[in-house]
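For reference, the structure discussed in these notes is given below.
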Amino acid sequence: MARTLSPDPIMAERALRLFISGNSASSQRARANLARLESVLQLGDWLIEIIDVLEAPHRAEEAGILATPTLLRAGEARARRIVGDLSDPDRVLAFLEIEPRSDGT
């Protein structure tokens, strides 16, 4: 079952979807690392979903997910994705082209 952390479908063009596989160690690390990024970056205006491919395999198939964990930045002409447990935040942010907010909110 997909779990939406920040339920704002209006901002779907600013969506991050983390595809995980059950409660594996790498899935747990990816969830924790995404939560850390979310709090540091204050991603309140982003739609953030965690999708367990064991519970919603059709979502993974629709998104073309071949490995988990995978973080997908959706809503662009070409979706960007990164595979792994998101343990290198600088690499994740650079790859996804997300910059920390500078307005302090």
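Keep in mind that the numbers below use all heavy atoms, side chains included, and drop hydrogens, waters and symmetry copies.
- Using a 4.5 Å cut-off on side-chain heavy atoms (C-beta onward), L71 and V92 make contact.
- Hydrophobic clustering (ILVMFWY, side-chain heavy atoms < 4.5 Å, transitive): L34 and F95 are in one cluster.
- Here the side chains of I82 and R91 are in contact, with some heavy-atom distance below 4.5 Å.
- Residues L18 and P69 are in side-chain contact: their nearest non-hydrogen atoms beyond the backbone lie under 4.5 Å apart.
- In this structure, the side chain of R81 engages the main chain of A63 through a donor-acceptor pair within 3.5 Å.
- Nearest heavy atom pair, residue L37 against residue P89, reads CD2-CB, 3.7 Å.
- L16 is not listed as a side-chain neighbour of L72, based on a closest heavy-atom distance of 4.5 Å or more.
- Taking 4.5 Å as the limit, some side-chain heavy atom of F19 sits within range of a side-chain heavy atom of R59.
- When all heavy atoms of L86 and A30 are compared, the closest pair comes out as CD1-O, 3.8 Å.
- Taking the side chain as every heavy atom from C-beta outward, E38 and I48 approach each other to under 4.5 Å.
- Contact between S26 and D85 at its shortest, heavy atoms only, is O-CB, 3.9 Å.
- The distance from the CZ atom of R17 to the OG1 atom of T70 is 13.5 Å, given to the nearest 0.5 Å.
- Using modelled atom types, one side-chain atom of D52 and one backbone atom of G22 make a donor-acceptor pair closer than 3.5 Å.
- The number of heavy-atom neighbours closer than 6.0 Å to CD of Q28, taken from other residues, nucleotides and ligands shown, is above 12.
- Remark: the backbone N or O of S21 is paired with a side-chain donor or acceptor of S27 at under 3.5 angstrom.
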